[in-house]
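A short worksheet on the structure shown next.
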Amino acid sequence: HLPYDRPPLSKQLLTGAWEADRLQLTTQDRLADLHVTVQLGKHAVALAIGGFGVGPVICLNDGSELPADTAVIATGCSPRRLPGTQPGTTGLHTLRTLNDAQRLQAELGVGRRIVVIGGGFLGMEVAAVARMRGAQVTVISPREPMVGAVGRAVSAALVDLHGENGVRMLIGRSVEEIVADAGRVTGIRLTDGREIPCDTVVAAIGAAPNTDWLTGSGLRIDDGVVCDAGLLAAPGVYAAGDVARWRDHRSGRLLRVEHRMHATESAAVVAANIMGHDLVYAPVPFWWSDQYSAKIQFYGWPSAAAHLWQGDLTDRKAVVLYTDETGSLTGVLGWNSIKQTRAARELLIGGACLGDVGQTRPLAAG
């Protein structure tokens, strides 16, 4: 496929509200106008970093090579798969690509028995869509859903929301194996021996950066392609998007983010630096999640200390602030509070502390 937008895969496309053509980000004519050549159906198998005055060379699976002045690694991630599962098992799904979404969409419907393994963003969104389409849904998660991203109080509110919509939540449980008959999923078996019959299993257990093809390239690979603060991995080689792990100039830590806006913003910094600028990548991460009638937005970074600033989680309209050990804001979350969340974002960007924002109430630690 030509480039398309990924977040709607687990939202508007899976519900059937959008057709696939609405996800398209560009056209062949637009790419031609930009003098961009797209080679579909091919993939890179190796990267050779050139010596002094020699640019990188990308080796493709058809045996051809692409010499370059500059290479940008934007190979993203691939979904993690359940150990021991057989490829091609009917009814067993991951969700990462348009093709994945279309296959899964065909299995959602009234009366279908769906098991979602994983309580992260993706798993909870798939559970919501499946339930809205009339399926019987069970979510299996070893820990509280999305707790690492939103803290315990918001996670508990999400569990309540799904429970009210008829989703069965099995928290603190793990899957022993997928049960199949004649190559078709028939259920899952938990580590406690309990078996849950189902028609479809969705494994939403995270993703791993696509770096295997870079073995032997000389690049530093450590949970992604390690880059400096300007996303430079080696002379003439940059990385952008999910696969990039960059040195944060503020904290000195290596960071990697798997959100839609990061892909856009990191690409813009890489493009500028290729053109001779010397930009530092210093994003304020942003993600959003649609689950039933809830629109959840998050800016910044989560932390253990969470504080209710406006509204109330029980009313499903709230703004939550997250702070570090000094009381400085690290992140803000809005639940059906778009305008108020933008105001909180400005406080975050301005370097506000908890004492600057008025009255708050502490929430359960994450």
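Just so you know, residue 1 is the first one in the sequence shown, and it goes up from there. As the structure is a prediction and not an experimental result, all values here were calculated from the model.
Residue T360 holds its OG1 atom at 11.5 Å from CD of Q310, rounded to the nearest 0.5 Å. If you take CD1 on I117 and CZ on R173, they are separated by 14.0 Å, rounding to the nearest 0.5 Å. Interatomic distance, R245 CZ to R220 CZ, rounded to the nearest 0.5 Å: 7.0 Å. To the nearest 0.5 angstrom, I205 atom CD1 is 9.5 Å from R81 atom CZ. Interatomic distance, T200 OG1 to E107 CD, rounded to the nearest 0.5 Å: 3.5 Å. We find the CG-CG distance between L279 and L231 to be 9.5 Å, quoted to the nearest 0.5 Å.
Taking the six-membered ring wherever Trp is involved, the centroid distance between the rings of H162 and Y292 falls below 6.0 Å.
In this structure, N273 contributes its side chain and G230 its backbone to a donor-acceptor pair below 3.5 Å. Between the side chain of D312 and the backbone N or O of T314 there is at least one donor-acceptor pair closer than 3.5 Å. Side chain of R133 to main chain of L14: a donor-acceptor pair is present (N/O by atom type, distance under 3.5 Å, no hydrogens or angles). Side chain of R131 to backbone of A135: a donor-acceptor contact under 3.5 angstrom is found. Side-chain N or O atoms of N210 include one that pairs as donor or acceptor with a backbone N or O of C77 at under 3.5 Å. Checking side-chain atoms of T330 against main-chain N and O of W301 turns up a donor-acceptor pair under 3.5 Å. In this structure, the side chain of S217 does not engage the main chain of T215 through any donor-acceptor pair within 3.5 Å. Remark: side-chain polar atoms of S155 are paired, donor with acceptor, to backbone N or O of P145 under 3.5 angstrom. The main-chain N or O of L214 is never found under 3.5 Å from a side-chain atom of T211 such that the two would form a donor-acceptor pair. Using modelled atom types, no side-chain atom of Y281 and backbone atom of H249 make a donor-acceptor pair closer than 3.5 Å.
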Under the side chain to side chain donor-acceptor pair (under 3.5 Å) criterion, do T27 and D29 qualify, and how do the steps go? CA-CA 5 Å; T27 65; D29 289 343; 5.3 Å; no

Determine, step by step, whether T90 and R184 satisfy the side chain to side chain donor-acceptor pair (under 3.5 Å) criterion, reporting the C-alpha distance in whole Å, the side-chain angles of both residues, the deciding distance to 0.1 Å, and the verdict. CA-CA 5 Å; T90 305; R184 171 79 207 188; 5.1 Å; no

I would like to know whether D242 and H262 meet side chain to side chain donor-acceptor pair (under 3.5 Å); could you show each step before the answer? CA-CA 8 Å; D242 294 358; H262 162 64; 5.4 Å; no

Apply side chain to side chain contact (heavy atoms under 4.5 Å, CB included) to the pair L98 and D100, showing each step before the final yes or no. CA-CA 5 Å; L98 175 56; D100 292 339; over 6 Å; no

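Put simply, the side chain of I178 reaches to within 4.5 Å of the side chain of L82, judged on heavy atoms. Counting heavy atoms from C-beta outward, H259 and W288 have side chains that stay 4.5 Å or more apart. In this structure, the side chains of R96 and R6 come closer than 4.5 Å at one or more pairs of heavy atoms. Taking 4.5 Å as the limit, every side-chain heavy atom of I58 sits out of range of all side-chain heavy atoms of E65.
Using bins of under 30°, 30° to 60° and over 60° for the plane-to-plane angle, the ring pair F298/W287 lands in the parallel bin.
With hydrophobic clusters built from ILVMFWY side chains whose heavy atoms lie under 4.5 angstrom apart, Y238 does not share a cluster with M275. There is no path of hydrophobic side-chain contacts, each under 4.5 Å, that joins L219 to V72. Using a 4.5 Å cut-off between side-chain heavy atoms of Ile, Leu, Val, Met, Phe, Trp and Tyr, with links allowed through other members, I171 and V202 fall into the same hydrophobic cluster. The hydrophobic cluster containing V129 also contains M146, counting ILVMFWY residues as joined when their side-chain heavy atoms lie under 4.5 angstrom apart, directly or transitively. Linking Ile, Leu, Val, Met, Phe, Trp and Tyr residues whenever their side-chain heavy atoms come within less than 4.5 Å leaves V320 and Y299 in two separate clusters.
More than 12 heavy-atom neighbours from other residues, nucleotides or ligands sit within 6.0 angstrom of CG on D192.
Taking a cutoff of 4.0 Å between a charged side-chain nitrogen and a carboxylate oxygen, R250 and D248 qualify as a salt bridge. Salt bridge absent: R22 and D5 never bring a charged side-chain N and a carboxylate O closer than 4.0 Å.
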